[in-house]
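First up is the structure itself, then whatever we jot down about it.
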Number of protein chains: 2
Amino acid sequence: MGENIEKLKEHLRRISKFESAVSLLHWDLETYMPKNASNKRAEIIGEIAGYAFKEFTSEKTHELLQKAESEAQTIEDKALIRVTKKEYEKSKKIPPELFIEFQIETSKAQKAWENAKNEDNYKLFEPHLEKIVTLSREIADHLGYEENRYDALLDNYEPGIKTKELLNIIPKLRNSLINLLEKIENADKPKKDILNGKFEISKQKILSEYILKKLNYDFKSGRLDLSEHPFTITISHNDVRITTKYDENDIKKGLFGTIHECGHALYELGIPENLRGLPIGDGASMGIHESQSRFWENIIGRSLSFWKYFYPKLTEIFPHFSNIPLKEFWRGINTVEKSLIRVEADEVTYNLHIMLRFEIEESLINDKIKVSDLPDVWNKKMEEYIGIKPNSYKDGVLQDIHWAHGTFGYFPSYMLGNLYAAQIFNTIQKDLPNIESKIENGEFIDILNWLREKIHSKGKIYEPQDLIYQVTGERLNPNYFVDYLNSKYAKVYNL
Amino acid sequence: MGENIEKLKEHLRRISKFESAVSLLHWDLETYMPKNASNKRAEIIGEIAGYAFKEFTSEKTHELLQKAESEAQTIEDKALIRVTKKEYEKSKKIPPELFIEFQIETSKAQKAWENAKNEDNYKLFEPHLEKIVTLSREIADHLGYEENRYDALLDNYEPGIKTKELLNIIPKLRNSLINLLEKIENADKPKKDILNGKFEISKQKILSEYILKKLNYDFKSGRLDLSEHPFTITISHNDVRITTKYDENDIKKGLFGTIHECGHALYELGIPENLRGLPIGDGASMGIHESQSRFWENIIGRSLSFWKYFYPKLTEIFPHFSNIPLKEFWRGINTVEKSLIRVEADEVTYNLHIMLRFEIEESLINDKIKVSDLPDVWNKKMEEYIGIKPNSYKDGVLQDIHWAHGTFGYFPSYMLGNLYAAQIFNTIQKDLPNIESKIENGEFIDILNWLREKIHSKGKIYEPQDLIYQVTGERLNPNYFVDYLNSKYAKVYNL
């Protein structure tokens with residue numbers, strides 16, 4: 001009874017142990033590895049990741065899947081078969097030569113992108129991007145799709161949602177955001193320079209750790225370290241680590257960056273042990289993952305209630321804030337601005353940055369625009385959506401590494417994360433009517449338990465739209481996000 | 001030409017990448033791993049180490065070895081075949097069931113040992129030790145030997161040396177040490193309490209890093225971290241890490257512990273890249289490894305010349321030393337004492353602690369004494385060799401974890417390390433006549449380059465006795481150690 005399912009699980013869990021080693025090798029590479037070790041490290045990671053991939057795509061996986069399929073009775077086991085089969089079949093659809101070529105080209109492109117960005121010269125990156133777009137189209141064709149070639153790539157990050165749906169959502173959402181942005185532009189600005197100052201790194205660290213503990217991030221199952229780019233990484237069950245980066249001149253970066261990663265980490269830590277090591281022992285999608293990080297970073301972390309609780313601690317650590325009223329501080333961390341750089345964008349403009357990227361990606365993959373026209377397309381859309389235009393490539397089309405990585409289909413996750421987060425928040429507020437006072441008292445465990453029960457504990461058992469439906473009673477509905485923003489920013493800007 | 005040798009190397013280097021991952025998983029376990037991850041971590045290490053072992057003991061290794069053997073022309077390649085073949089054949093001699101039983105029993109024994117030590121109750125450990133001794137005898141019998149069963153185990157750590165040779169060396173060495181110890185007992189004692197004080201950990205760290213840099217430990221190819229027990233670990237070429245442990249009340253522990261590990265690390269960092277990842281890309285033996293750590297820790301690190309250079313830095317970091325004359329400090333760090341605990345023993349008594357352990361091990365493995373009689377045997381030998389007797393098991397027979405690990409045959413390495421170090425030092429002094437003034441000026445690179453050329457760069461190409469012969473013109477000769485001690489301690493104690 002279930003004997004082959006057990007064998008399949010054992011096989012997959014064995015593979016996941018090699019993936020755990022790869023994760024630790026990566027984490028170490030980004031945090032503590034001595035500089036001179038980098039070449040060898042790349043070889044070691046390549047060998048072990050390659051072995052794990054070979055084992056997953058082996059005939060053994062295929063056989064075990066076939067034998068186990070009829071034994072699957074529970075929801076978990078059925079999902080296991082479905083998700084594993086899908087990943088297995090996907091990996092078989094791409095010819096190995098194409099896969100290798102893609103790895104080589106993206107690895108070259110990353111260096112070229114760095115170079116091009118440093119030199120502010122799009123031409124240095126263009127031929128690489130050309131190649132990657134061509135290969136990505138080929139990959140999409142191998143993976144297959146019904147309506148839109150971009151669907152094949154989107155499915156890698158957000159299974160169950162189609163390009164058409166995103167294209168349908170966007171115009172109305174964009175208009176709402178632009179409307180709000182215009183209102184804000186005409187309103188009284190919060191005093192932004194109140195956030196200026198020198199923030200000693202060691203003190204920022206104390207603040208971060210204090211907040212992480214209050215948010216129930218368990219340091220016995222995780223760590224906080226420094227790296228060039230903040231990230232969350234799961235090494236194994238009970239080992240989910242965060243990194244952050246502090247800026248001595250900008251307290252917001254390290255602070256909200258840490259809370260953002262904490263959201264990812266709480267999700268990973270909430271995935272049950274019995275799912276871990278299996279393809280269903282993961283976040284439901286990149287979009288759902290991002291919903292958790294954005295929920296804690298923005299909806300909780302930039303709320304007035306949150307700072308009613310944490311402001312005394314903040315002023316204790318950085319005494320110059322004691323001259324600044326809480327409400328002014330709160331308005332300061334919620335300043336909305338037309339800006340060029342996505343990663344520095346506020347809640348209102350952020351999704352506009354994403355839409356622009358998504359539309360460009362979709363056009364590129366479907367051969368509707370040329371790689372050589374990209375800077376022009378970018379600048380035109382920036383003007384149209386956000387109302388400003390970059391004066392350099394590095395503040396424009398060259399700002400993100402994603403296309404050099406070849407991760408076409410990923411950008412929509414950022415937008416979806418924001419939309420899901422607001423939709424989920426709407427439901428939480430109904431289930432936990434005293435949520436605001438809980439936050440004001442620094443009590444976050446009810447919120448976390450709610451997320452654990454409804455989302456984290458489900459791992460990847462459900463596709464994101466099914467999960468969101470179960471949790472909120474609806475599929476993706478961007479209205480919640482628009483309502484959340486309108487209501488919040490009416491207060492921030494006294495609209 | 002050499003095609004199969006190349007294939008063999010590729011195969012072995014591939015396996016070594018998995019071993020690199022295991023090393024990193026270990027390092028992380030001892031330094032930064034979140035506490036709750038420990039169970040999973042053991043499983044991950046077990047899986048990957050097991051895979052590497054399986055690959056090494058596979059038919060493929062056997063075939064490649066056979067094909068490559070006739071192609072070996074260079075000294076390196078011949079050594080590669082010899083060392084690989086020996087390791088392969090050894091691994092094949094032990095039945096898998098016995099290997100697994102040994103793993104399980106030693107893993108249980110470690111917990112039992114901890115418990116027994118905490119409760120100071122030998123009876124809690126006795127049945128486990130009984131089992132491990134029995135299994136070790138079986139393993140030795142499978143490995144095979146000519147004269148003495150202990151030879152089979154000794155060969156795991158110090159190939160090429162026999163039990164008989166050690167048993168022959170010991171009586172004279174012991175007498176010399178006891179004679180010196182008696183002379184010292186009757187001499188004027190250095191003022192030992194001059195080393196007392198509170199030593200802030202952060203300052204000890206600065207001192208350690210300062211010394212490591214001066215000793216040419218390259219922080220771009222290594223790191224210094226904290227762990228419960230200090231160790232050196234090689235992750236890959238250009239990645240050799242040290243850990244240490246500071247004691248706020250005893251500056252000696254962290255200081256000399258760090259220099260000790262630095263000696264191991266300099267050895268590992270000196271192994272050439274083309275040998276790394278191969279069975280010959282390692283230290284020649286545990287004894288030779290220990291010679292490097294003890295050389296830097298004791299012969300260099302506890303010399304008056306060394307402190308002539310570093311004392312100003314020490315007094316800068318810990319100003320209370322400025323009231324203490326350099327020579328008194330130097331006498332303080334070289335205090336000789338009859339003591340119960342091996343790891344705290346001085347240069348004179350240390351080898352007496354080892355002899356006792358070696359003789360007990362040899363008797364146990366050859367069934368000449370009973371495990372139940374061990375506490376009595378221990379106490380009697382302590383009285384005879386060092387002249388004091390423990391009042392508890394934890395200060396006596398239960399003090400070391402080694403037997404719980406089942407590493408019978410390892411203890412002699414500590415003694416051999418001291419003997420080799422003095423013998424090597426004797427030769428260095430001839431080759432570098434101005435060595436003392438170099439040390440006094442904080443110039444260690446000539447010494448390191450000498451060690452690199454003569455020892456480190458050779459990896460495991462030569463068996464330890466051949467290497468020592470090449471380096472010093474003689475096989476192991478304990479007289480150099482006795483001369484070194486007599487000459488040094490005549491000065492320390494004004495004998």
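All chains are named by letter (A, B, ...) in the order of the sequence lines, taking the proteins before the strands, and each is independently numbered beginning at 1.
Annotation for B:A37 and A:N238: closest pair CB-O, 3.6 Å, computed over non-hydrogen atoms. Across A:K220 and B:P34, no two heavy atoms sit closer than the pair O-CB, 3.3 Å. Pairing each heavy atom of A:K17 with each of B:I48, the nearest pair is O-CD1, 3.7 Å.
From A:M33, atom CE reaches atom OG of B:S221 across 10.5 Å, with rounding to the nearest 0.5 Å. The CG atom of B:D28 sits 7.0 Å away from atom CG of A:D239, with the distance rounded to the nearest 0.5 Å. Note that CG of A:L24 and CH2 of B:W27 are 8.0 Å apart. Values are rounded to the nearest 0.5 Å. Taken to the nearest 0.5 Å, the CD1 atom of B:I235 stands 8.5 Å off from the CD1 atom of A:I44. Between the CG atom in A:N36 and the CG atom in B:L269 there is a gap of 9.5 Å [rounded to 0.5 Å].
Proximity to chain A (any heavy atom under 4.5 Å) is restricted, for B:E273, to the side chain, taken from C-beta onward. In this structure, chain B has a heavy atom under 4.5 Å from the side chain of A:S236, while its backbone stays farther away. Proximity to chain A is absent for every atom of B:R276, based on heavy atoms less than 4.5 angstrom apart.
Ring planes of A:Y51 and B:F18: perpendicular class, angle over 60° (limits at 30 and 60°).
Looking only at heavy-atom pairs under 4.5 Å with chain A, the residue among B:K35, B:R14, B:H237 that has the most is B:R14.
For residues 202-211 of chain B, heavy-atom neighbours of chain A at less than 4.5 Å comprise no residues at all.
Applying the salt bridge (Lys or Arg N to Asp or Glu O under 4.0 Å) criterion to A:D218, with sequence neighbours excluded, gives no partner residue.
Within a 6.0 Å sphere centred on CD of B:E10, heavy atoms belonging to other residues, nucleotides or ligands number 12 at most.
Put simply, the side chain of A:R223 gets close to the backbone of B:Y32: a donor and an acceptor are under 3.5 Å apart.
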